[in-house]
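Keep in mind it's a predicted model, so treat the numbers as computed, not measured.
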Amino acid sequence: MRVEAALAASALLLIPGPAHARKKATPAPVAAPAQLIGEALTSEVSWLRLEHLCDRIGHRLSGSPALDQAIAWAQDAMNQDALANVRAEPVTVPVWVRGHERLTQLSPREQELDVLALGGSVGTPEGGVEADVLVVSSFDELDALPDAEIAGRIVLFDVPFTTYGATVQYRGHGASAAARRGAVAALVRSVTPVSLDTPHTGNMEYDEDAPRIPAAAVTVEAASRMHRLQEAGAPARVRLELGSHDAGTAPSANVVGEVMGRELPDEIVVVGCHLDSWDVGQGAQDDGGGCVSALEVGRLIARLPQAPRRTVRIVLFTNEENGLAGGRAYAQAHAGERHVAAIESDTGTGAAAGFSLDVRRTGPEAGRYSDQDEAAYEVLVEQLQAVRPLLAPLQADGFRQSYAGSDIAPLIATGTPGFGVDHDTTGYWPIHHTEADTLDKIDPIVFRRNAAAMAVLTWWLAERAP
Ligand SMILES: [Zn+2]
């Protein structure tokens with residue numbers, strides 16, 4: 001807290017005193033970054049907004065009434081902040097309904113297991129699917145088994161977390177890999193490095209060439225236990241009941257508001273997040289915190305005595321979790337415009353060490369960037385040296401080359417440099433997509449500091465000399 005308190009105090013010192021104290025001399029204008037930081041760290045507005053979103057609106061999956069409520073609420077917030085051109089840009093989103101779900105271990109010991117269907121999963125037939133569990137640790141291990149050992153089983157992918165990108169492949173494509181070999185359902189170990197017996201949901205996709213079998217996440221604890229049972233020669237038998245199903249599409253929207261640029265209004269810095277969440281917990285870290293931070297950036301920049309040179313456009317995207325329809329619709333609708341940068345906050349609310357830069361103009365080939373991208377990255381990093389002293393007091397002046405955000409990925413693909421708020425994710429993955437993603441896990445001081453860093457970078461990108 002000491003850093004924040006000192007920062008807030010020093011920022012306050014820069015703010016002109018009461019009118020009677022400055023009758024004679026015109027006070028020196030407060031530098032914009034100091035004003036942004038001072039207001040971000042001392043205002044209650046952002047935290048009260050996050051509390052409202054989490055506690056009164058709650059989780060908000062695409063197509064849910066709660067998401068519609070959040071979309072209306074976000075527009076109200078932007079109007080309160082006197083942003084320009086506040087609007088909801090229509091997007092059609094897929095609707096998936098979880099329904100009833102239950103996983104019962106029948107042997108070697110009868111036990112109810114916590115379970116969450118994966119988003120996009122089909123349901124089970126009435127009465128559920130009952131089968132022996134076959135546990136594998138990788139796609140390779142599954143491939144090496146004969147069909148006879150897989151057919152009729154429920155395949156459980158017990159894959160320990162390495163990185164999110166690597167481990168999430170099993171959540172995304174495990175069901176089709178198992179179905180292709182004759183499995184009747186798929187279970188995945190929750191994608192998390194740490195577990196307190198909590199299942200993690202998330203999206204899955206069916207491959208065209210495989211039967212569609214039900215898919216659900218179990219806890220790390222249950223997955224390892226069933227793995228041990230198999231190795232001990234007593235494989236688990238379970239019954240899985242899922243009522244999940246697709247329910248067509250629904251109208252939704254990206255929420256957009258702007259601070260118009262004073263000199264180059266046609267050049268746009270996008271500040272984004274996703275307003276939808278999974279249908280568990282409160283979507284507090286994923287991505288309620290990111291959305292309220294983005295709103296806070298708009299609010300803080302709108303309060304500056306002088307608008308930055310370029311337009312700052314706040315975009316709360318819809319449908320990141322199960323479709324990315326919001327990010328795609330935005331990129332398509334605004335394809336003719338000049339986006340000079342896109343910033344996204346979507347890796348929780350841990351302390352930000354800085355920003356991850358994504359300049360994949362040609363796309364990473366097998367995990368490596370092209371020479372053109374590497375060169376563009378070097379140029380950008382050089383230019384960013386100028387903003388580092390402004391971010392250093394917030395301990396958020398690090399830049400590294402990495403993924404920036406999925407909603408802004410379509411913009412990045414067309415050449416817009418992407419910036420992801422580079423959060424400490426230690427506390428994020430353990431609660432990601434679970435019932436435990438709730439407001440109480442968020443540190444209000446760190447949360448404000450992250451918003452301050454986002455505001456300073458946004459302002460600098462919008463203000464810097466052409
Ligand atoms: Zn997210």
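Within 6.0 Å of atom CZ in R338, 12 or fewer heavy atoms from other residues, nucleotides or ligands are found, so the atom counts as exposed in its surroundings. By the neighbour-count criterion of 12 heavy atoms within 6.0 Å, atom CZ of R388 is densely surrounded, having more than that number from other residues, nucleotides or ligands. Around the CG atom of L196, the shell of radius 6.0 Å holds no more than 12 heavy atoms that belong to other residues, nucleotides or ligands.
Ring centroids of Y330 and H339 are separated by less than 6.0 Å, placing the two rings close together. Aromatic ring centres of Y164 and H432 lie closer together than 6.0 Å.
Within the structure, the salt bridge (Lys or Arg N to Asp or Glu O under 4.0 Å) test picks out the following pairs touching residues 409-425 (sequence neighbours left out): R400-D422. The salt bridge (Lys or Arg N to Asp or Glu O under 4.0 Å) pairs that include a residue from residues 183-198 are D158-R189, where partners are two or more places apart or lie in different chains. For the salt bridge (Lys or Arg N to Asp or Glu O under 4.0 Å) condition, the pairs that include at least one residue of residues 70-82, sequence neighbours left out, are R49-D81. For the salt bridge (Lys or Arg N to Asp or Glu O under 4.0 Å) condition, no pair includes a residue of residues 217-228, sequence neighbours left out.
Closest non-hydrogen pair, Y206 versus S176, comes out as CA-OG, 3.5 Å. When all heavy atoms are compared, the tightest approach of L439 to A284 is N-CB, 3.6 Å. Shown here for T458 and V271, the closest heavy-atom pair between the two residues is CG2-CG2, 3.5 Å. The two residues S293 and M454 come nearest to each other via the heavy atoms CB-SD, 3.8 Å. Counting all heavy atoms, side chain and backbone alike, V218 lies closest to A223 at CG2-CB, 4.1 Å. Here the shortest heavy-atom pairing between L295 and A74 reads CD2-O, 4.2 Å.
In this structure, CH2 in W459 is found 13.5 Å from CG in L300, a value given to the nearest 0.5 Å. In this structure, CG on D279 lies 10.5 Å from NE2 on H433, to the nearest 0.5 angstrom. For the atom pair OG (S252) and CZ (F317), the distance works out to 13.0 Å, reported to the nearest 0.5 Å. Distance check: F161 CZ to Y170 OH gives 14.0 Å after rounding to the nearest 0.5 Å. Taking OG1 from T434 and CH2 from W429, the interatomic distance works out to 12.5 Å, rounded to the nearest 0.5 Å. The structure places NE2 of H59 at 12.0 Å from OG1 of T438, a figure rounded to the nearest 0.5 Å.
Under a 3.5 Å cut-off, the side chain of D276 and the backbone N or O of N319 do form a donor-acceptor pair. With hydrogens and angles disregarded, no donor-acceptor distance shorter than 3.5 Å links the side chain of S43 to the backbone of A40. Distance alone, capped at 3.5 Å, is enough to place a donor-acceptor pair between the S121 side chain and the A215 backbone. Side chain of R328 to main chain of P410: no donor-acceptor pair is present (N/O by atom type, distance under 3.5 Å, no hydrogens or angles). Put simply, the side chain of S64 gets close to the backbone of L67: a donor and an acceptor are under 3.5 Å apart. No donor-acceptor pair closer than 3.5 Å links the side chain of S244 to the backbone N or O of L242. R310 places no side-chain N or O within donor-acceptor distance of the main-chain N or O of V269, the cut-off being under 3.5 Å. When atom types are taken as modelled, the side chain of Q105 and the backbone of E110 share no donor-acceptor pair closer than 3.5 angstrom. Distance alone, capped at 3.5 Å, is enough to place a donor-acceptor pair between the R60 side chain and the L275 backbone. Looking at K441, its side chain never comes within 3.5 Å of a backbone N or O of G427 through a donor-acceptor pair.
Using modelled atom types, one finds a donor on one side chain and an acceptor on the other under 3.5 Å when comparing E320 with S406.
Every side chain to side chain donor-acceptor pair (under 3.5 Å) that E112 has, sequence neighbours left out, goes to R102, T104. Taking the side chain to side chain donor-acceptor pair (under 3.5 Å) definition, one finds that S137 meets it with E141, sequence neighbours left out.
At least one side-chain heavy atom of N85 sits less than 4.5 Å from a side-chain heavy atom of M260. The shortest side-chain heavy-atom distance between V340 and L461 does not fall under the 4.5 Å cut-off. Using a 4.5 Å heavy-atom cutoff, the side chains of R98 and T201 are in contact. With a 4.5 Å cut-off on side-chain heavy atoms, F355 and L391 count as touching.
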Assess whether side chain to side chain donor-acceptor pair (under 3.5 Å) is satisfied between Q285 and H423, documenting all intermediate values.
CA-CA 11 Å; Q285 290 208 43; H423 299 100; over 6 Å; no
Between M226 and V238, is a side chain to side chain contact (heavy atoms under 4.5 Å, CB included) present by the stated rule, with each step listed?
CA-CA 10 Å; M226 287 191 269; V238 300; 4.3 Å; yes
Would you check, one step at a time, whether the test side chain to side chain contact (heavy atoms under 4.5 Å, CB included) holds for E321 with D286?
CA-CA 9 Å; E321 295 293 3; D286 190 11; 2.9 Å; yes
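Q282 pairs with exactly one of I57, L50, D55, L53 by the side chain to side chain contact (heavy atoms under 4.5 Å, CB included) rule, that one being D55.
Salt bridge status for E39 with R299: present, with a side-chain N to carboxylate O gap under 4.0 Å.
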